[in-house]
Trainee: 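Supplied in C-alpha cells, the structure appears directly below.
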Number of protein chains: 2
Amino acid sequence: MAETAEKQEALSKTRLRLWLKLLKSVNGIEAEIRRNLRDQHGTTLPRFDVMSALARFPDGLKMSELSTFLKVSNGNVTGIVDKLTEEGLVLRVAVPGDRRAQVARLTPKGRTAFEELAAHHESWIDELLEGWSADDIAALSSRLDLVLKRQSQEESGNAK
Amino acid sequence: MAETAEKQEALSKTRLRLWLKLLKSVNGIEAEIRRNLRDQHGTTLPRFDVMSALARFPDGLKMSELSTFLKVSNGNVTGIVDKLTEEGLVLRVAVPGDRRAQVARLTPKGRTAFEELAAHHESWIDELLEGWSADDIAALSSRLDLVLKRQSQEESGNAK
DNA sequence: GATTTTTATTTCAAGCCTAAAATTTCAAGC
DNA sequence: GCTTGAAATTTTAGGCTTGAAATAAAAATC
C-alpha cells in the first residue's frame, strides 16, 4: 500500500502545523502555571519540579539522580537545591559510605508546602483542560506513547 | 446529568497525568530540535523562531510586532536581532515617518539560510511524529483548539 | 599500595529570558 | 509652540539553563 508522494508531502505539512499548534498550546499552559506559581505562591516552576521529584522519593534522591530524573544539568539542580535548602524546604543528607554523594530530601515543612502546591497545580490543569473527556485523553495518550517510545529508544542509542 | 464527585476527581487525576505526559513529549521533541539546530546548523531555537516570523512577513516586522508575535519580551528580541544583524541574516530598516521605530527584515542571505533550516525542521517533525495519521492529527487539533480558545479569551481579559 | 580511571558534585562562563527603568520620539491638548 | 502623556525601543539587573572545567572521592588496575 504505497502512498503517493503527494500525500506524504501533505501529511508532512499537516504534522508540522499540528506541532506548531501543540507547542503554542503547551507553552500557553506552562506560562499560566508559571504565572500562578509566582503570583499565588511566590515560587517558580523549576522549584516546583524539584520538590515534586523529591516528593515521589521519600528517602531522597542523589543530586545526580535528581538531575537525570528531571532531565536538566547537574549544575542546574545544585542551584535550585541550594535555594530550597536555605529556605528549609529541602535537606542535604550525607550518603553513608560515599563522601562524594549527597541525598536531597524534602523536610516536613517542604512536604507540607509541596502538598499545598500540588493540590493547586492539579486544579489549574483541570481547568486548563476543561472539555477534555476521558476518551479524548485516552486517544491522545496512546499517540503520545508513540512519541515517548521513540524518545526512549533514541536515548538508549545515545548512551555512552 | 450530574456526574458524581468521584468521577470528577478521577477525571482531574487523569487530566493531570495526561498533562505530565504531554509536557514530557513536547519537551523531548523540542530538545531534539534544539540539538539538531545546534549540531547540524550551529544555531538556536530562538534564532530560528525570529527568522521564521520574519520569513512570514517579507515586508518585515517592527521590533514590538516581533516580540508580540513570538510572545517574548521586547528586550529579548533586541538581543537576538542584534546577533542576526551582525551575521548579515537580518536587516534593521528605519520606518519612514517614525524615527522611534525600526523594521527587522530578512536579508536575501537570511532568507536562503531560513529556507534551508525550515526544510530540515519540517523533516525532523515529520520523523518525530511518525505514526500520526491525518485522522489522529485532526482529532488532536480540535482538542487543542479548546485550549487555545481559552488562552485567547484569557489574554483579552488581561488586556490593559 | 600507587596510579589511573571513573563517579559525584560544584563552579564557571556564556546565552536566554523577563520585568522594570531609561531614552528617544511622537501626538494631543492647551 | 509648550507641555504632558503615550509609544517604540534599548538597557539593565537578576534568575534560569547549559556545557565544560575543576574538585574531590571512590574504584579499578597494575
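Note that the structure is predicted; figures quoted are calculated from it, not measured. Order of the sequence lines sets the chain letters (A, B, ...), proteins ahead of strands, with each chain counted from 1. Any value given below was found using the heavy atoms of this structure, including those in side chains, with hydrogens, waters and symmetry copies removed.
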Trainee: What do you reckon, is NZ of B:Lys24 surrounded by more than 12 foreign heavy atoms closer than 6.0 Å?
Mentor: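 No.
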Trainee: Does a salt bridge link A:Asp136 with B:Arg15, judged by any charged N lying under 4.0 Å from a carboxylate O?
Mentor: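 No, no charged N to carboxylate O under 4.0 Å.
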Trainee: Are B:Leu16 and A:Leu148 joined in one hydrophobic group, where the rule is that I, L, V, M, F, W and Y side chains link up if heavy atoms are under 4.5 Å apart?
Mentor: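 No, B:Leu16 does not connect to A:Leu148 through the hydrophobic network.
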Trainee: Check the orientation of B:His121 and B:Phe48. Use parallel for under 30°, tilted for 30 to 60°, and perpendicular for over 60°.
Mentor: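 Rings of B:His121 and B:Phe48: tilted, as their planes differ by 30° to 60°.
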Trainee: Across nucleotides 11-17 of chain D, 5' to 3', mark each nucleotide with B, S or - according to how protein heavy atoms within less than 4.0 Å reach it.
Mentor: B----SS
Trainee: Provide, to the nearest angstrom, the distance between the CG atom belonging to A:Leu61 and the C1' atom belonging to C:dT9.
Mentor: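 Computing the A:Leu61:CG to C:dT9:C1' distance gives 15 Å.
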Trainee: According to a hydrophobic-cluster definition based on side-chain heavy atoms being under 4.5 Å apart (Ile, Leu, Val, Met, Phe, Trp, Tyr only), do B:Val103 and B:Met51 belong together?
Mentor: no
Trainee: Determine, stepwise, if the pair A:Ile137 / B:Leu11 fulfils side-chain contact (heavy atoms from CB on, under 4.5 Å).
Mentor: CA-CA 10 Å; A:Ile137 292 172; B:Leu11 184 53; 4.2 Å; yes
Trainee: For C:dC30, give its Watson-Crick or G-U wobble partner with both distances under 3.5 Å, or none.
Mentor: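 Partner of C:dC30: D:dG1.
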Trainee: Rounded to whole Å, please give me the gap between CG in A:Leu45 and C1' in C:dC17.
Mentor: 14 Å
Trainee: Mind checking who D:dA13 pairs with, Watson-Crick or G-U wobble, both distances under 3.5 Å?
Mentor: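 Its partner is C:dT18.
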Trainee: Find the distance B:Asp49:CG to C:dC16:C1' and express it as a whole number of Å.
Mentor: 12 Å
Trainee: Over 60° means perpendicular and under 30° means parallel, so classify the ring planes of A:His120 and A:Trp124, tilted if in between.
Mentor: parallel
Trainee: Which one is paired to D:dA21, where only Watson-Crick or G-U wobble pairs with both distances under 3.5 angstrom count?
Mentor: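 Its partner is C:dT10.
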Trainee: Looking at A:Arg34 and A:Glu30, is there a salt bridge between them, counting it only when a charged N and a carboxylate O are closer than 4.0 Å?
Mentor: yes
Trainee: Salt-bridge test for A:Arg150 and B:Glu32: reply yes if a basic N is under 4.0 Å from a carboxylate O, no otherwise.
Mentor: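 Judged by the 4.0 Å cut-off on N to carboxylate O distance, A:Arg150 and B:Glu32 do not form a salt bridge.
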Trainee: Calculate the interatomic distance between A:Lys71 atom NZ and D:dT18 atom P; express it in whole Å.
Mentor: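 Between P of D:dT18 and NZ of A:Lys71: 12 Å.
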Trainee: Whole angstroms only, please: what is the CD-C1' distance between A:Gln102 and D:dA26?
Mentor: 16 Å
Trainee: Between residues 91-100 of chain B and DNA chain D, which residues have a heavy-atom gap below 4.0 Å?
Mentor: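 Per residue number, the list reads B:Arg92, B:Arg100.
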Trainee: Please give, in whole Å, the distance from D:dA25 P to A:Lys62 NZ?
Mentor: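 Whole-Å distance recorded here is 16 Å.
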Trainee: Write down the distance between CE (B:Met63) and C1' (C:dC17), rounded to a whole number of angstrom.
Mentor: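 Going from B:Met63 (CE) to C:dC17 (C1'), I get 15 Å.
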Trainee: Just the rounded figure in Å: distance from P of C:dT10 to CG of A:Leu66.
Mentor: 11 Å
